[in-house]
Every structure is written in structure tokens, then in C-alpha cells.
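In this text the structure is predicted, and so the values were computed from the model without any measurement. Order of the sequence lines fixes the chain letters, A, B, ..., with proteins taken first and strands second; residue numbering starts at 1 for each chain.
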Number of protein chains: 2
Amino acid sequence: MPAAAATEVDQTWTIREIADEFEVTHRTVRHYEDLGLITPERRGTVRVYHRRDRTRLALILRGKRLGFPLEEIRTIIDLYDRPRGKASQLEYVLDQIDERRTDLEQRRRDLEDAITELGEFERRCRADLDRLA
Amino acid sequence: MPAAAATEVDQTWTIREIADEFEVTHRTVRHYEDLGLITPERRGTVRVYHRRDRTRLALILRGKRLGFPLEEIRTIIDLYDRPRGKASQLEYVLDQIDERRTDLEQRRRDLEDAITELGEFERRCRADLDRLA
DNA sequence: GTATTGCTTTACGTTTACGTCAACGTCAAG
DNA sequence: CTTGACGTTGACGTAAACGTAAAGCAATAC
């Protein structure tokens, strides 16, 4: 038995398999394909998913958990995949990175404020509860 | 001139004023009212917004920036306003707080992962750029 | 007066993110 | 060879979050 079979590097998956694994429906996966977020290989008519597609799907779902619209998510993951041979392209990418970071850091502030407030609120509630006991 | 006028405590605003200030449309503000997220006073037919409404609107918009759906936002800010005289109510509120926190902390992890990845990506880009120079 | 400005409601339109059929192809099992 | 199990492409439906247009009152501006 060849060693390659043990850690199969170019393993592929069917749409049902990745849908189940990422806990989304096949419809969702195909919707992301319609929007150009994933582009699985085609063998004849059938979709074949590679590790690359799984990576992208993970990025998409995290983007969604963070509340980004799918179109915006596409520009982001496209950014990661974009060819950046020339200096001008790299400058552009670095600019985009900066915008992203600004956005993400705003979110982080919002998030930390929310968590802090929640903590203070909890303290008050516990104090009220103690008072009742 | 009475001292109260200097730091007017029960100042009120029109819908246009708060919409402009929070950089949303009046339509948006009214939509939030339709969903029960804000309940401004009515003088006759006209809406009069108090400081309380501004606080709520700020909470709503932060919730939106964090990607929460409006219905979920409503349950959260209702939680903050809910009467909690009895122990059973306080227990309930504390449970809800716990759920909220779990959610927010998941988001924080996602967010920090995203920021980290962005940083690594930037490093690689800068390295590429240096190589070209 | 009336004309404009600002607020109101009602109601239908739009975009995003899928869900939900319907109708069909295909491949291995019985 | 037909029956599933899984795959495919449309095409239409839906919920959320507003946008937009129509039509009306109400106070100030001229």
C-alpha cells in the first residue's frame, strides 16, 4: 500500500459530504457557487470539492458569523487568492487589507463594549438577587 | 435664565433630528418602531424622542454592526429593560445573559482569528513587495 | 389666503440569502 | 430493467430590512 494513501492529499468530497460536515444545506453550498464564492471542479455535470473549496467555505461561514454580507465576503476571499506578482497589485492588496482591518477593529470595539456592558448588567442582577435572599 | 436650561435633562428630538444624528433615514427609525425596538412618545400624531430612545437606538445600531438580526436585538434590549423584581425573573435574566455571552465570545474568537489571519497575510504581502524592490 | 416644509400613514418594491418544489439525469443494486 | 439514492438545473417562494412613492394633515412663511 502506497504511503500517499494514508494521508490522501488530493482527497475530494461530494456536495452532500461537505454540506453535512459544515452543517449547511446543499442548497446553501450551491448558492455560494452561484455568487462565485466557491468554484468546485466539474466531472461531467457533477461537482467535485477539493480541500481548497473547504478552506473557502470555512472562510465564508466565519464571515457570515461575523455578519458580513456574502458579496463582501467574496471580495475578501478573492483578495486572498488574487495574483499579486507586480508591485502595483501588492500595493492595492495592502490598501484593501488596511480597510479590512479598520472594519474589523471597529467591530472588535463594539464587541468588547457589548461584553463589558453585559458583565456590568450581570453584576447588577446578581446584586439584586443577593438583596432578595 | 434657569439653570435647568443649561443642561436640559428632558430634552426631546424629532424623528429627523435623531435620524440625521445617527446617520440613518427616518424610514429606518420608524421601521425599528414597527418592530417594537423603540417606542417614542406621541404628542397627537407626532413622534417625540427622549434620551431613552437615543440610548436604545445606539444599542440597536451597535447590534447591527455586530451582525445581529433585529428580532434578536429586540430580545436583548428588552432584557435590559425588563422588570426584575422577583428572584425567578432574575434567574431567567441571568440565564439569558449567559447565552448572550457565549454568543459574543464565539464572535470574538472569530473576529480575532480573522484579524490574525489578516496580519499574517499582510506580512506575506510586504515580504513579496520587499523581494521586488 | 396659499405655498412650502416637515411629519404622518399606507402600501407596494427591492435586495439578500437562501428554502422549496418540479422535473430530469445517472449509476449501482436487486 | 426498474427502483432508489444522489446528483443536476431551473423557477418560484419567503423572511428580513428597509426604500420609495402616494396622499394626507399641520404649522410657519410670504
Side-chain angles (χ1 to χ4, degrees), chain A residues 11-50 53-54 56-78 103 106-107 110 114, chain B residues 11-50 53-54 56-78 103 106-107 110 114:
Chain A
Q11 188 180 350
T12 61
W13 292 264
T14 156
I15 190 167
R16 191 71 58 169
E17 284 166 355
I18 63 159
D20 286 353
E21 188 176 342
F22 285 90
E23 296 185 302
V24 294
T25 69
H26 64 300
R27 184 63 186 82
T28 298
V29 177
R30 288 208 352 238
H31 181 59
Y32 295 160
E33 183 178 346
D34 286 345
L35 298 185
L37 287 151
I38 345 182
T39 48
E41 184 199 345
R42 291 296 182 115
R43 284 191 190 146
T45 168
V46 103
R47 290 169 174 85
V48 176
Y49 294 85
H50 293 257
D53 301 307
R54 296 167 51 96
R56 290 198 142 226
L57 187 51
L59 279 175
I60 296 166
L61 295 178
R62 192 182 65 193
K64 281 209 58 188
R65 285 197 301 274
L66 292 175
F68 288 104
L70 291 179
E71 276 300 329
E72 201 168 343
I73 292 175
R74 185 169 55 142
T75 72
I76 301 170
I77 62 185
D78 280 356
D103 187 348
Q106 167 64 45
R107 274 160 197 267
D110 282 333
Chain B
Q11 188 180 351
T12 63
W13 293 266
T14 155
I15 192 167
R16 190 72 59 169
E17 284 165 356
I18 63 160
D20 286 355
E21 188 175 340
F22 285 91
E23 295 185 304
V24 295
T25 68
H26 63 298
R27 183 66 185 82
T28 299
V29 176
R30 290 208 351 237
H31 182 58
Y32 295 160
E33 182 179 345
D34 286 346
L35 299 185
L37 288 151
I38 351 181
T39 48
E41 184 199 344
R42 291 297 183 113
R43 286 191 190 148
T45 167
V46 102
R47 291 169 176 85
V48 176
Y49 294 86
H50 293 256
D53 301 307
R54 295 165 51 95
R56 290 199 143 224
L57 188 50
L59 280 174
I60 296 166
L61 295 178
R62 192 183 65 194
K64 281 209 59 189
R65 286 197 301 274
L66 292 174
F68 288 104
L70 291 179
E71 275 301 329
E72 200 168 343
I73 292 174
R74 185 170 54 142
T75 72
I76 301 169
I77 62 186
D78 280 356
D103 188 347
Q106 166 65 45
R107 272 160 201 266
D110 282 333

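Proximity of Tyr32(B) to the phosphate of dC18(D): a side-chain N or O atom is located under 4.0 Å from OP1 or OP2.
Of the residues in residues 16-28 of chain B, those with a non-hydrogen atom less than 4.0 angstrom from any atom of DNA chain C are Arg16(B), Arg27(B). Contacts of residues 37-45 of chain A with DNA chain D (heavy atom under 4.0 Å): Arg42(A), Thr45(A).
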Mind listing the side-chain donor-acceptor pairs of residues 26-39 of chain A below 3.5 Å, one per line with the distance, residues two or more places apart or on another chain?
unit_1	atom_1	unit_2	atom_2	d
Thr28(A)	OG1	Thr25(A)	OG1	3.0
Glu33(A)	OE1	Arg47(A)	NE	2.5
Glu33(A)	OE2	Arg42(A)	NH2	3.0

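Judged by distance alone, with hydrogens and angles left aside, the side-chain atoms of Asp20(B) form no donor-acceptor pair with the main-chain N or O of Glu17(B) at under 3.5 Å.
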When you compare the protein's N or O atoms with those of nucleotides 14-16 of chain D, which come within less than 3.5 Å of each other, and at what distance?
none

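Residues meeting the side chain to side chain donor-acceptor pair (under 3.5 Å) test with Asp103(A), sequence neighbours left out: Arg107(A). For Arg65(A), the side chain to side chain donor-acceptor pair (under 3.5 Å) partners at least two apart in sequence or on another chain are Asp110(B). Scanning for side-chain contact (heavy atoms from CB on, under 4.5 Å) contacts around Asp78(B) gives Arg56(B), Arg74(B), with sequence neighbours left out. Every side-chain contact (heavy atoms from CB on, under 4.5 Å) that Val46(B) has, sequence neighbours left out, goes to Arg43(B), Val48(B). Under the side chain to side chain donor-acceptor pair (under 3.5 Å) criterion, Glu21(B) pairs with Arg54(B), not counting sequence neighbours.
Residue Arg30(A) is classed as a base contact, given a heavy-atom separation below 4.0 Å to a base.
In the helix from dG1(C)-dC30(D) to dG30(C)-dC1(D), the terminal helix axes, each the rotation mapping four pairs' C1' atoms onto the next four within five end pairs, subtend 20°, rounded to 10°.
From the 5' end on, the contacts that DNA chain C makes with chain B at under 4.0 Å to a non-hydrogen atom open and close at dC7(C) to dA11(C).
From Ile18(B), atom CD1 reaches atom CH2 of Trp13(B) across 9.5 Å, with rounding to the nearest 0.5 Å. A distance of 10.5 Å separates CD1 in Ile76(B) from CG in Leu70(B), rounded to the nearest 0.5 Å. Atom CZ of Arg62(B) is separated from atom CD of Gln106(A) by 10.5 Å, given to the nearest 0.5 angstrom. From Thr14(B), atom OG1 reaches atom OH of Tyr49(B) across 8.0 Å, with rounding to the nearest 0.5 Å.
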Q: Apply side chain to side chain contact (heavy atoms under 4.5 Å, CB included) to Ile73(B) and Leu59(B), showing your working.
A: CA-CA 8 Å; Ile73(B) 292 174; Leu59(B) 280 174; 6.0 Å; no

